[in-house]
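See structure below.
Keep in mind that the numbers below use all heavy atoms, side chains included, and drop hydrogens, waters and symmetry copies. So you know, we letter chains A, B, ... as the sequences are listed, proteins then strands, and number each from 1.
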Amino acid sequence: MSGLYQAQRAMRAMRGAAMQRGVIAILDIGTTKIACLVLRLDGPAARRETDALGPMAGQSRFRVIGAATTRSRGVRFGEIAAMPEAERAIRTALQAAQKMAQARVDHVIACFSGGGPRSYGLVGEVALDGAQVGESDIARVLAACDTPDYGSGRDVLHAQPVNFALDHRAGLSDPRGQTGNHLACDMHMMTVETATIHNLLHCIKRCDLELAGLASSAYAAGISALVEDEQELGAACIDMGGGATGISIFIKKHMIYGDSVRLGGEHVTSDIAKGLQVPAATAERIKTFYGGVMATGMDDRETIEIGADSGDWEKDRRTVSRAELIGIMRPRVEEILEEVRARLDAAGFDHLPSRQIVLTGGASQIPGLDGLAARILGQQVRLGRPLRVQGLPQAATGPAFSGAVGLSLFAAHPQDEWWDFEMPSDRYPARSLKRAVKWFRDNW
Amino acid sequence: MRPLGATAHRPGPRRRDPAPSRLAYRLHRLWLTPLVRRLVRVGLPAGALALLAWAVFADADRRAAIAAPVDALVESIRQRPEFMIGRLEITGASDVVERAVRARGPDPLPASSFDVNLDALREEIEALDAVASAELQLRGAGVLAVRITERRPAILWRSTEGLSMLDRGGHRIARVTRRAARPDLPVIAGAGADAHVGEALALIETARPLADRLRGLTRMGERRWDVVLDGGQRIMLPAEAPERALERVIALDQARDLLDRAVEAVDMRNPARPTVRMAGPAVAELRRIRQLERGESGR
């Protein structure tokens with residue numbers, strides 16, 4: 001885990017360099033679109049009081065100065081499938097955003113939904129013998145968390161301390177400065193497949209950029225789509241993307257569970273294409289214009305011109321009623337939601353005090369989805385749109401951009417992760433130097 | 001039926017790939033680099049301009065070809081009749097001074113007023129001994145008017161360098177060859193006399209009762225005055241308040257005819273003890289009379 005620690009620390013250092021330069025790019029690599037925002041960081045912001053451990057990574061105000069989206073290519077299920085295609089798509093988005101920002105960007109923070117994220121809750125405890133808790137103690141307790149065997153070929157994407165307990169007082173967000181005998185910590189760790197990260201790294205390197213951070217898009221969408229009290233009291237954010245649906249559960253302003261279902265809006269589109277025998281582009285257009293999941297009597301009478309370019313008059317003049325379209329879409333959406341339901345059940349979402357569910361992402365714009373989701377997921381369902389951030393163009397304020405906006409918040413106000421703390425000194429080679437200094441101080 | 005218009009109004013082959021090539025992407029990024037941008041936008045045009053200017057002006061002939069019309073234009077404006085000085089009009093100067101001023105004026109005379117530095121010319125004219133001040137004015141019709149205020153001769157000064165005329169301030173005006181050339185002016189002599197002309201004039205005014213006998217004043221030791229009368233008589237005045245001493249001598253003369261007697265010098269240098277130096281024969285005569293008074297026979 002030490003190599004990963006170093007890699008993540010290197011990314012944090014890169015983020016520091018980007019903050020110094022003042023410009024950073026946000027790249028949301030999705031299955032249907034690739035969104036790129038260019039942020040201008042305006043120096044340190046006032047510290048948010050409710051932050052867990054306080055800003056260890058440095059925080060900043062920001063303003064969006066460039067935004068661009070492009071149709072995604074070479075990405076399937078939120079993972080890069082065809083490298084040159086994906087690289088070209090990333091380049092298109094980046095160039096357009098740079099052109100709008102009129103600034104050259106060298107550092108990028110990326111998020112993706114694929115890679116099969118898995119969540120682990122870790123517990124660690126150390127003895128303190130009555131001393132004040134310092135940063136080194138926190139690093140010690142984080143290092144003491146017993147890492148599960150998450151398998152080879154997987155890497156840690158997030159490792160965030162969620163909760164601290166000092167002696168018998170649990171639920172501390174920042175134990176520094178307090179005294180106790182026994183410090184325990186809960187940490188949430190998320191792993192993804194190494195190959196996904198490597199592919200992404202390679203693509204970004206081919207675009208002459210430095211990676212300054214990585215995040216899961218479920219986490220990013222949760223940051224921007226959940227309002228503060230939902231994050232505090234417990235809520236799940238369902239980010240319904242094109243190729244994958246991300247699930248993140250938040251409580252006490254921390255993500256405690258993240259997962260993704262490899263189903264999304266593109267499956268709905270392909271169902272329509274297959275069912276109506278139309279090309280995927282036409283199916284996408286029909287879905288966005290006429291799609292829905294709740295059929296009414298009116299929908300039987302509303303006919304949709306499907307059209308085609310085959311030359312056969314009968315085929316080119318086909319029509320279909322909206323009820324038929326809904327009949328194609330609804331089972332697939334139900335399947336996605338049921339899959340989400342299964343994941344939430346597995347995570348124990350039922351035990352949370354507040355069971356708010358927020359639907360966001362591009363596929364959440366299907367009319368009537370909130371009613372359907374309420375039947376499957378539970379009563380407290382709402383549609384979420386991303387937080388409003390300064391300078392974001394109107395076109396990029398829809399639910400499809402909650403991942404990108406959340407990632408900008410992540411770039412500007414990152415939560416503390418394990419690698420923001422110094423490695424404990426007994427794992428550190430510099431300890432001999434410390435010992436030498438101590439010897440000098442004792443003897444002279 | 002296949003729609004005919006679908007392909008008809010598509011002008012060219014549709015570009016399939018909106019992605020920039022790697023080279024285009026890199027060039028775009030390079031162009032967005034502030035340093036490169038500034039270099040291309042400012043540095044390149046400036047460099048090109050500098051190169052062009054250097055290429056044009058490197059050749060001496062071309063430089064001359066560019067400079068010649070400019071010079072000709074400037075010269076043609078300078079030589080316009082409105083700016084020419086044709087005549088020097090001198091007022092308030094004697095013939096000698098006028099000749100000297102003309103010699104210093106612009107020469108040859110139809111000259112451009114751009115070439116004449118009036119301030120320098122005025123200073124040059126005022127440097128003449130006989131000129132107290134000069135006013136120069138460019139009038140229309142090509143006239144340079146010079147109004148000169150001459151110094152007034154007040155006294156003659158005989159020094160080791162000869163006889164010269166001074167004004168009231170002691171400034172030298174001109175050299176005089178003979179005393180007889182200006183019989184109306186009093187004479188002073190001695191080193192440092194020129195610095196005290198005002199004092200000398202006041203003394204001469206005081207000595208008006210003796211005017212017919214007065215020969216002049218002599219500055220002694222750059223400190224005090226001697227009044228020289230005809231026949232070599234002197235009145236030696238103190239350094240302080242010489243006029244009062246002179247008035248006492250004049251009063252004595254008017255009462256007792258002091259100066260008509262055989263007196264060589266009246267010494268007033270110590271005002272508390274005026275002394276009379278008698279001529280040699282007079283002293284012998286006085287001794288003889290005293291001996292007679294004492295009842296002694298002569299020698």
Side-chain angles (χ1 to χ4, degrees), chain A residues 21-23 25 27 33-34 36 38 40 65-66 68-75 82-108 202-210 281-282 305 307-317, chain B residues 1-67 69-70 73:
Chain A
R21 188 169 297 184
V23 180
L27 203 58
K33 67 158 180 30
I34 289 180
C36 178
V38 177
R40 202 183 57 216
I65 55 171
T69 56
T70 183
R71 189 169 65 85
S72 180
R73 290 177 295 167
V75 181
M83 195 87 83
E85 285 284 302
E87 182 203 324
R88 263 184 233 134
I90 291 173
R91 224 156 51 198
T92 314
L94 265 168
Q95 185 172 19
Q98 282 183 14
K99 194 169 181 180
M100 179 174 164
Q102 282 296 304
R104 180 191 161 128
V105 188
D106 286 327
H107 302 92
V108 65
H202 184 74
C203 271
I204 282 169
K205 195 158 281 177
R206 290 269 295 169
C207 293
D208 307 331
L209 295 168
E210 302 274 8
T282 315
E305 293 268 346
D309 209 5
S310 65
D312 180 356
W313 197 88
E314 290 293 337
K315 187 170 161 71
D316 290 356
R317 286 290 172 269
Chain B
M1 202 180 84
R2 192 183 183 81
L4 294 173
T7 49
H9 50 68
R10 230 175 250 162
R14 199 168 56 156
R15 201 176 152 213
R16 303 294 301 175
D17 192 355
S21 69
R22 227 169 129 75
L23 184 68
Y25 173 78
R26 283 200 171 148
L27 284 178
H28 184 240
R29 279 170 64 77
L30 194 67
W31 174 236
L32 286 176
T33 311
L35 183 67
V36 172
R37 218 175 158 87
R38 222 171 302 144
L39 214 64
V40 172
R41 280 191 165 170
V42 180
L44 219 61
L49 270 180
L51 200 69
L52 193 74
W54 178 78
V56 168
F57 287 102
D59 187 8
D61 290 348
R62 207 173 293 140
R63 262 206 311 269
I66 291 172
V70 175
L73 183 68

Identify the residues of residues 25-32 of chain B whose heavy atoms come closer than 4.5 Å to a heavy atom of chain A, ordered by number, or report 'none'.
Tyr25(B), Arg26(B), His28(B), Arg29(B), Leu30(B), Leu32(B)
Under 4.5 Å from a heavy atom of chain A, the part of Arg22(B) involved:
both
Output the residues of residues 41-60 of chain B for which the shortest heavy-atom distance to chain A is under 4.5 Å, in residue-number order; output 'none' if no such residue exists.
none
Selection from Arg88(A), Glu87(A), Gln98(A) maximising heavy-atom pairs under 4.5 Å formed with chain B:
Gln98(A)
Quick check for you: to the nearest 0.5 Å, what is the distance between Ser21(B) atom OG and Arg91(A) atom CZ?
6.5 Å
Is the count of non-hydrogen atoms from other residues, nucleotides or ligands lying under 6.0 Å from Lys315(A) atom NZ greater than 12?
yes
If you tally heavy-atom pairs under 4.5 Å between each of Asp106(A), Thr70(A), Thr92(A), Ile90(A) and chain B, the highest tally belongs to Thr92(A)
I need the minimum non-hydrogen distance between Gln95(A) and Ala24(B), along with the two atoms involved.
NE2-O, 4.1 Å
Part of Arg71(A) lying under 4.5 Å from any heavy atom of chain B
neither
